[in-house]
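Heads up: the structure comes next, in structure tokens.
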Amino acid sequence: MSFRAHSSQFPSVNMAQLSPTPIKDALQSTEPIDAIRVQGWVRTRRDSKDFSFIELNDGSSLRNLQIIAKKETLPNYADIQKLSTGASVVVQGALVASQGKGQKWELVADNIEIVGTADDSYPLQKKGHTPEFLREIAHLRPRSNLFGSVFRVRSRLAFAVHEFFQQRGFIYVHTPIITGSDCEGAGELFRVSTIDLTNPPRKNGEIDYTQDFFARQTYLTVSGQLEAEALALALAKVYTFGPTFRAENSNTSRHASEFWMIEPEMAFCDLNGNMDLAEEFVKYLIADARKHCPDEMELFATFVDKELLARLDFVLERPFQRIAYTDAVDLLKKSGERFEFPIGYGLNLQSEHERWLTEKHFKRPVTVFNFPKEIKPFYMRVSDDGRTVAAMDLLVPGIGEIVGGSQREERLDVLEENMRRHNMDPADYKWYLDLRRYGTVPHSGFGLGFERMLMFVTGVPNIRDVIPFARTPGSAEF
RNA sequence: UCCAGCGUAGCUCAGUGGUAGAGCGGUCGGCUGUUAACCGAUUGGUCGUAGGUUCGAAUCCUACCGCUGGAGCCA
């Protein structure tokens, strides 16, 4: 059995012989096609005197295929005239050069099978919906131009993530979703338990988690980093790409309770190598979307952010700014800008400070590195000055932190000391410390929020609009 | 969690103490190789919810709910 290039193994609805052609491919045809079959959803329909124009979209691209439905050739023409936005149809006919302006090809139908109708309660109109409204109909919004485009770009960039790392010899590793480590300092955790909440087993008044499913307390992962380190110290260069969960009651356009994170981890790599990789990675993803999703990017530039393409190209063209935390603090102090929050060594950079650096001063992505050890987690490598750790935050205009990473502390004694300083018991992290006992090496890695990257690439300003079904505090409807 | 703003027709909004409105959409008709079509008619409301002030509340007050923006936290 052979398949045509674009054949589908979907069970055919009625007409078994002809394989369906994606509309994307039909529109790129170089010559007329006598017999072609397409299937999709009606975006809009216009009547002419003796025929009807149907704009058909099948999700394969932003573009619609214009169907010509003629009264004289179609026995079900009366029903076709009742087709409204949202209905699903299978069309068979001839792809011919369009007589009208605006499209190269159109399909003159020999047969239109109405698969599913959509009545006048269908909420999507041809035009003019706000993202806020579409968010309320998350199950239908992929049929809109904007969200169809976002999700096609999301798919493409997910592919590009793997391409980037695989091309560079990284091994894709799967770190656990359910984790027993609760002290990574990366936010609140979702508890995973099969204990009966109405009648939990108790011991000395406390809930007895030794009777829980995993015989201990477990959570959804907030990061695969610690496990990725173990794999990096065997496979040298690894990356994770999977779901991540944060239970913080955080209500902003940049936070989701469930998101996807990419975490490369590299043995024999210092902070500079880490920063180099992060920059190369971010640029690679931008370039990939520019190259492979031109229609979608054009749509974002037209309807979401007029300056998107200029900004992305600007970012691609020049190196990111790198600045030590201490120097960034000095720069902010001397800026003459009136900030709401104080600036000083040992204080976290606030959003307004990050914005000033990346949007006003440098006007490009900025990598801040070498932070005071007091404001960073236990696993980051203490620098020779004893005051800072080899951490880095990559900030981009409009979004803020998109990458956070560090060189990891590879010295056993220093790491144990860091843990104690963070009120952690090294005994709880025996396996993690083993990595320093046996063949330790300098190593580095970072985490990149996939959705934040998508926001940056598409210009879509709310993280809820780059996830098909977003989970945020108080919201998990779909 | 904190601060601010907003909840009026399916959608986007106007209406700021005195009869509930427009555009778009939908429906019907007309016209037409159209393409965010065009022309005409028509449809459409518990003004977020509950309470209060008032002769009278979409409008003023209180509480709650929801949404949005910002902050904190972070990717």
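Every chain is numbered from 1 and lettered A, B, ... according to where its sequence line falls, protein lines coming before strand lines.
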B:C74 OP1/OP2 closer than 4.0 Å to side-chain N/O of A:Ser250: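 For B:C74, neither OP1 nor OP2 has a side-chain N or O of A:Ser250 closer than 4.0 Å.
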Which residues share a side-chain contact (heavy atoms from CB on, under 4.5 Å) with A:Leu331, sequence neighbours left out: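 Testing A:Leu331 for side-chain contact (heavy atoms from CB on, under 4.5 Å), a comparison that skips the adjacent residues, returns A:Ile323, A:Trp356, A:Leu357, A:His361, A:Phe362.
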A:Thr218: side-chain contact (heavy atoms from CB on, under 4.5 Å) partners, not counting sequence neighbours: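 Per chain and number, A:Thr218 pairs via side-chain contact (heavy atoms from CB on, under 4.5 Å) with A:Ile178, A:Val192, A:Phe214, A:Arg216.
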Of A:Glu132 and A:His129, the one whose closest RNA chain B nucleotide lies more 5':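 Result: A:His129.
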B:G33 base stacked by A:Phe53 (centroids within less than 5.5 Å, tilt under 30°):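 It does not: the ring fails the test against the base of B:G33.
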Qualifying side chain to side chain donor-acceptor pair (under 3.5 Å) pairs, either residue in residues 277-287 of chain A, two or more places apart: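 Listed once each, the pairs are A:Glu163-A:Tyr284, A:Arg168-A:Glu280, A:Glu279-A:Lys283, A:Glu279-A:Arg322.
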List the atom pairs, with distances to 0.1 Å, where a side-chain N or O of residues 367-374 of chain A and a protein N or O form a donor-acceptor pair under 3.5 Å, not counting sequence neighbours.
residue	atom	partner	partner atom	Å
A:Lys373	NZ	A:Gly386	O	3.0

A:Ser383 side chain to A:Thr388 side chain, donor-acceptor N/O pair below 3.5 angstrom: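 Present: a donor and an acceptor within the cut-off.
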Of all pairs that satisfy salt bridge (charged side-chain N to carboxylate O under 4.0 Å, His left out), the ones with a partner from residues 339-352 of chain A, not counting sequence neighbours: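 Those involving residues 339-352 of chain A do not exist here.
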Residue pairs fulfilling salt bridge (charged side-chain N to carboxylate O under 4.0 Å, His left out) with at least one residue in residues 134-145 of chain A, sequence neighbours excluded: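 The answer is A:Arg135-A:Asp465, A:Arg141-A:Asp465.
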Watson-Crick or G-U counterpart of B:G17, or none if no pair lies under 3.5 Å: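 Across all strands, not a single nucleotide pairs with B:G17.
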Base-pairing mate for B:C24 - Watson-Crick or G-U, with both contacts under 3.5 Å: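 When the pairing criteria are applied, B:G10 turns out to be the nucleotide that pairs with B:C24.
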Taking only N/O atoms, report every protein-nucleotides 25-28 of chain B pair under 3.5 Å with atom names and distance.
residue	atom	partner	partner atom	Å
B:G26	O2'	A:Asp120	OD2	3.2

Pairs involving residues 53-96 of chain A, ordered by first then second residue, that meet ring-ring contact (aromatic ring centres under 6.0 Å, His included) (sequence neighbours left out):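 Every pair satisfying ring-ring contact (aromatic ring centres under 6.0 Å, His included) with a residue in residues 53-96 of chain A: A:Phe51-A:Phe53.
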Results of salt bridge (Lys or Arg N to Asp or Glu O under 4.0 Å) for A:Arg452 - residues two or more places apart only: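 Expected list: none.
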Length of the CZ-C1' vector between A:Arg254 and B:C73, whole Å: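 The answer, rounded to whole Å, is 10 Å.
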Sub-4.0 Å heavy-atom contacts from residues 458-466 of chain A onto RNA chain B, ordered by number: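 RNA chain B contact set from residues 458-466 of chain A: A:Asn462, A:Ile463, A:Arg464.
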Stretch residues 336-356 of chain A: residues that reach within less than 4.0 Å of RNA chain B through a heavy atom: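 Correct list: A:Phe341, A:Gln350, A:Ser351, A:Arg355.
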Side-chain donor/acceptor pairs under 3.5 Å, residues 115-122 of chain A, sequence neighbours excluded:
residue	atom	partner	partner atom	Å
A:Asp119	OD1	A:Ser121	N	2.8
A:Asp119	OD1	A:Ser121	OG	2.4

